[in-house]
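Beneath this line is the structure, given in structure tokens, with notes to follow.
It should be emphasised that the depicted structure is a prediction, and the values quoted were computed from it without experimental measurement.
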Amino acid sequence: MNNMNQIFGPDVTAPPIVHARFSIGDVVQHLRFGFRGVVFDIDPVFANSDEWYQAIPEEARPDKDQPFYHLLAENDESSYVAYVSQQNLIADDSEEPVDHPAISDMFGTYANGKYQLRPLHRH
């Protein structure tokens with residue numbers, strides 16, 4: 001019997017091992033919609049509601065077994081919080097800061113395409 005079975009019982013399976021391509025503070029861009037954002041949290045696999053997931057058109061629905069990123073996002077019209085799968089993100093190479101009103105509360109300096117998390121928010 002392996003350790004997982006001893007701790008959680010035989011019906012619990014460990015999630016797949018996934019590797020996040022981006023880290024907290026990285027500036028990223030959505031491949032399809034072009035908006036930019038700053039990563040402020042990462043889920044190793046999908047951790048949102050089924051309603052949210054089902055609202056995505058089936059042909060564009062991402063696999064749940066990949067990292068999902070919480071972003072302080074912006075487009076030409078507004079600032080908002082986005083939840084995006086890893087497959088839909090690329091590193092933003094514009095070297096431009098993101099203009100989101102919550103950034104200054106969570107992050108400090110911006111340099112080389114990355115924001116530094118304020119010490120208050122570190123785990």
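Taking hydrophobic clusters as Ile, Leu, Val, Met, Phe, Trp and Tyr residues chained together by side-chain heavy-atom distances below 4.5 Å, Ile56 shares a cluster with Phe68. A chain of hydrophobic side-chain contacts below 4.5 Å, direct or via other Ile, Leu, Val, Met, Phe, Trp or Tyr residues, connects Val27 to Phe33. In terms of hydrophobic clustering, with Ile, Leu, Val, Met, Phe, Trp and Tyr side chains grouped at heavy-atom distances under 4.5 Å, Val28 and Val98 are assigned to a common cluster. Hydrophobic clustering of Ile, Leu, Val, Met, Phe, Trp and Tyr side chains at less than 4.5 Å, counting indirect connections, unites Val81 with Val38.
Listed by chain and residue number, nothing satisfies the salt bridge (Lys or Arg N to Asp or Glu O under 4.0 Å) test with Asp76 (two or more places apart in sequence, or in another chain). Annotation: side-chain contact (heavy atoms from CB on, under 4.5 Å) contacts of Ala91 (sequence neighbours excluded): Phe22.
The main-chain N or O of Pro62 is found under 3.5 Å from a side-chain atom of Tyr53 such that the two form a donor-acceptor pair. Looking at Tyr83, its side chain does come within 3.5 Å of a backbone N or O of Ala47 through a donor-acceptor pair. Looking at Asn75, its side chain does come within 3.5 Å of a backbone N or O of Ser78 through a donor-acceptor pair. Gln29 contributes a side-chain N or O that, together with a main-chain N or O of Gly34, makes up a donor-acceptor pair within less than 3.5 Å. Looking at Lys114, its side chain does come within 3.5 Å of a backbone N or O of Ile24 through a donor-acceptor pair.
The two residues Ser79 and His100 have their closest heavy-atom pair at CB-CD2, 3.5 Å. Closest heavy-atom contact between Ile42 and Pro67: CG2-CB, 4.4 Å. Taking every heavy atom of both residues into account, Gln86 and Gln66 meet most closely at N-OE1, 3.4 Å. Minimum interatomic distance between Phe107 and Leu72 (heavy atoms only, all atoms of both residues): CE1-CD1, 4.1 Å. Nearest heavy atoms, Asp63 versus Gln87: N-OE1, 3.9 Å. Smallest separation of non-hydrogen atoms from Arg32 and Ala60: NH1-CB, 3.2 Å.
Here the side chains of Val39 and Leu71 are in contact, with some heavy-atom distance below 4.5 Å.
A salt bridge links Lys64 with Asp50: at least one charged nitrogen is closer than 4.0 Å to a carboxylate oxygen.
Residue pairs that meet the salt bridge (charged side-chain N to carboxylate O under 4.0 Å, His left out) test with at least one member in residues 87-100, sequence neighbours left out, are Arg36-Asp92.
The line from CD1 of Ile103 to OH of Tyr115 is 4.0 Å long, rounded to the nearest 0.5 Å. Atom-to-atom distance recorded for Thr109:OG1 and Gln116:CD is 5.0 Å, nearest 0.5 angstrom.
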task: Any chance you could lay out the side-chain contact (heavy atoms from CB on, under 4.5 Å) test for Tyr69 and Arg21, step after step, and finish with the verdict?
output: CA-CA 10 Å; Tyr69 298 85; Arg21 189 177 305 142; 4.1 Å; yes
